[in-house]
> 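Below you will find the structure I want to go over with you.
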Amino acid sequence: MPERKQFRAIKGTRDILPPDSALWNWFEHSARETFESYNFGEIILPIFEETELFARSIGAETDVVSKEMYTFLDPPRDLNPLPRTLMEGDQIRTALMSDLLPRDILSLRPEGTASGVRAYIEHGMHTRPGNVKLYYIGPMFRRERPQKGRYRQFYQIGAEVLGQSDAPAIDAEVIEMLLTFFRRVSLTSTTLYINSIGDKNCRPQYVELLRDELRKVKDQLGLDSQRRIETNPLRVLDSKLPEEQPIIEKLPRIGDHLCAECREHFAKLKDELNLRGIQYEENWRLVRGLDYYTRTTFEVIAAGLGSQNAVCGGGRYDGLVELLGGPPTKGIGFAIGSDRSILSIQENAPDAVKRHLPPLAVFVAWMGAASYPTAVSVAKKLRGCGVSVELPAEEMKFKKSLGLADKLGARYALIIGEDEVASQTYSLKNLADGKQEKLGESALLEYLEAERRGRG
Ligand code: HAM
């Protein structure tokens with residue numbers, strides 16, 4: 001006898017069940033509609049790529065690349081000191097420096113920007129007219145400690161603009177599109193934070209200055225921050241440790257060390273946001289956890305989510321296309337975390353949730369073998385008109401039928417018995433108020449279709 005084992009979803013992954021899945025579909029559909037109204041087109045990207053693509057673009061020292069990626073050798077093989085299976089940190093670095101072909105070291109994608117840029121270069125999209133405006137929807141993978149709003153398989157909706165211009169109007173339009181989408185899905189208790197982290201001309205000096213200042217207070221910092229002084233001092237600004245906050249508040253601020261071009265770019269971005277009536281808060285500590293950013297960075301946080309409250313992160317990444325071997329190109333984009341956004345909508349906008357979880361419209365309560373063919377035929381016609389119909393496969397007693405219709409949340413019971421078949425009429429019972437009327441087939445179809453359109 002095989003062992004009776006109960007399988008469970010892997011820690012950090014989850015099933016999204018109906019009716020919640022309907023909410024997810026509505027959320028993604030609304031994104032598609034909003035983004036397409038801004039002339040973005042969908043790109044469908046692979047789930048795994050060469051590890052080196054992520055290491056080079058996101059940065060080998062970032063948490064995402066050094067600790068959180070699902071990395072594996074393909075084909076699997078024994079290579080001392082590399083394990084046959086998952087790798088992290090130093091092992092990834094060793095593998096990338098080894099004689100292995102880069103194409104043999106793969107990772108599940110932890111985000112979409114690197115893949116989007118890879119596709120842009122691979123398909124010569126820079127020859128397309130105007131800016132290339134792409135969006136993508138799908139799962140991402142990071143081996144983080146799971147908690148509310150943080151998963152190992154999570155879902156993003158991302159958008160990227162790639163082209164020759166770095167006009168701040170593009171940054172502002174991308175942010176406008178994001179907030180238009182959030183409004184459309186009733187995600188309105190949000191705050192937009194913006195910052196500029198400078199470019200290759202001014203950031204290196206600021207990073208050195210920050211490093212010098214941090215070294216002076218090193219012994220007052222936690223171990224993570226101490227390590228980051230050498231690896232990536234900007235990330236110290238992200239720290240949430242209460243005891244580090246007064247120290248961080250006294251550190252030099254990037255805004256005071258931007259070069260003239262970056263300062264002007266940031267000032268124009270704010271003008272452009274004002275022009276569009278977009279409210280924002282400046283946050284000099286918003287540095288983001290991925291290395292490719294230059295100048296504009298932004299994040300949106302939503303109410304009621306606890307510590308994992310960032311529902312979107314984004315920014316400019318001029319230079320990333322070149323770093324990955326493409327022509328000089330500017331880029332900006334964002335990614336929305338669908339899991340957290342939907343959680344926030346469920347907690348803060350119950351009316352929107354209700355509107356987008358359409359209840360079952362019609363339960364066909366048929367009785368007697370003679371009425372079954374009519375029930376099958378009318379169910380098919382109603383479904384053809386877009387009405388959702390539940391047709392029991394087996395005959396049920398009338399009372400049981402109505403009880404089940406009620407439990408399923410049906411709005412109507414369509415009663416078909418021998419009388420109805422004989423008179424070629426149907427009894428439609430409104431389960432909310434108990435009212436019942438007799439309708440011929442075409443009147444029935446018309447009525448229910450109009451009702452569906454009214455709700456849609
Ligand atoms: P990110 O800030 O790493 O940026 O992720 C964007 C959003 O994905 C976060 O704000 C959050 O809502 C969601 N997210 C991230 N990790 C998790 C997780 N473990 N569980 C649940 N949700 C999560 C990026 O990924 C960049 N590629 C964004 C971008 C596009 N920048 C320019 N273009």
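No experiment lies behind these values; they were computed from the predicted model shown. Each ligand, and each atom within it, is numbered from 1 in the order the structure gives.
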> Quick test of your reading of the structure: of Arg340, Gln156, Glu68, Arg316, whose heavy atom lies closest to atom 6 (C) of ligand 1?
Gln156

> Assess Glu299 for proximity to ligand 1: is some non-hydrogen atom of it under 4.0 Å away?
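It does not; every heavy atom stays at 4.0 Å or beyond.
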
> Assess, by modelled atom type and distance only, whether the side chains of Glu160 and Tyr136 contain a donor and an acceptor separated by less than 3.5 Å.
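Yes, side-chain donor-acceptor contact under 3.5 Å.
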
> Strictly under 6.0 Å, is that where the ring centroids of Phe27 and Phe181 end up?
yes

> Looking only at non-hydrogen atoms, which of Arg142, Glu111, Arg288 approaches atom 3 (O) of ligand 1 most closely?
Arg142

> Please confirm whether Gly289 approaches ligand 1 to less than 4.0 Å, judged on its heavy atoms.
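It does not; every heavy atom stays at 4.0 Å or beyond.
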
> After noting the C-alpha distance and the side-chain angles of Glu299 and Arg288, does the key distance pass the salt bridge (Lys or Arg N to Asp or Glu O under 4.0 Å) rule?
CA-CA 9 Å; Glu299 228 165 68; Arg288 313 265 308 122; 3.0 Å; yes

> Can you figure out which of Gly12, Ala335, Ser341 has its heavy atom closest to atom 7 (C) of ligand 1?
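The residue whose heavy atom sits nearest atom 7 (C) of ligand 1 is Ala335.
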
> Just wondering, more than 12 heavy atoms not from Gln279 lying within 6.0 Å of its CD?
no

> Is it the side chain (CB and beyond), the backbone, both or neither of Glu160 that lies under 4.0 Å from ligand 1, heavy atoms counted?
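For Glu160, the contact with ligand 1 is made by the side chain alone.
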
> Give a yes/no verdict on a cation-pi contact between Lys270 and Phe266, requiring under 6.0 Å between NZ or CZ and the six-membered ring centre and an angle within 45° of the axis.
yes

> Sort out for me which residue in Lys330, Arg316, Arg295 forms a salt bridge (charged side-chain N to carboxylate O under 4.0 Å, His left out) with Asp199.
Arg295

> Could you identify the single nearest non-hydrogen protein atom to atom 19 (N) of ligand 1 and state the distance to 0.1 Å?
Glu144 OE2, 2.7 Å

> Kindly say whether the aromatic ring centers of Phe40 and Tyr135 come within a distance under 6.0 Å.
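Not close enough - the centres of the two rings lie 6.0 Å or further apart.
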
> From the options Phe154, Tyr292, Tyr151, Tyr293, select the one whose nearest heavy atom is closest to atom 15 (C) of ligand 1.
Phe154

> When you measure from atom 32 (C) of ligand 1 to each heavy atom in Pro110, Gly333, Ser338, which option holds the nearest one?
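Among Pro110, Gly333, Ser338, the closest heavy atom to atom 32 (C) of ligand 1 belongs to Gly333.
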
> Considering only heavy atoms of Val311, which atoms of ligand 1 have at least one such atom less than 4.0 Å away?
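Counting from 1, the qualifying ligand atoms are 10 (O), 12 (O).
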
> Using a strict 4.0 Å cut-off to heavy atoms of Gly314, name the atoms of ligand 1 that fall inside it.
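Ligand 1 atoms under the 4.0 Å threshold to Gly314: 31 (N).
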
> Under a 3.5 Å threshold, yes or no: a donor from one side chain and an acceptor from the other, between Glu244 and Ser225?
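Result is yes, a qualifying pair exists.
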
> Using 30° and 60° as the class limits, which term best fits the ring planes of Tyr206 and His257: parallel, tilted or perpendicular?
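If you compare the ring of Tyr206 with that of His257, the planes turn out tilted.
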
> Would Tyr292 and Thr113 count as having a side-chain donor-acceptor pair, cut-off 3.5 Å?
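Yes.
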
> So which protein heavy atom does atom 30 (C) of ligand 1 come closest to, and at what separation?
Thr113 OG1, 3.0 Å

> Considering only heavy atoms, which of Gly149, Gly337, Ala114 lies nearest to atom 21 (C) of ligand 1?
Gly149

> Look at ligand 1 and say whether Cys312 reaches it with a heavy atom at a distance under 4.0 Å.
yes

> Check each atom of ligand 1 against the heavy atoms of Gly313 and keep those under 4.0 Å away; list them by number with element.
10 (O), 28 (C), 29 (C)

> List every atom of ligand 1 that sits less than 4.0 Å from any heavy atom of Tyr317, numbering the atoms from 1 in the order shown and giving each element.
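It comes down to these atoms of ligand 1: 32 (C), 33 (N).
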
> For atom 11 (C) of ligand 1, which of Gly112, Ala310, Ala302, Gly158 has the closest heavy atom?
Ala310

> Distance to 0.1 Å, residue and atom name: give those for the protein heavy atom nearest to atom 24 (C) of ligand 1.
Leu290 CD1, 3.6 Å

> Is it true that the NZ or CZ of Arg109 lies under 6.0 Å from the centre of Phe141's six-membered ring and within 45 degrees of the ring axis?
no

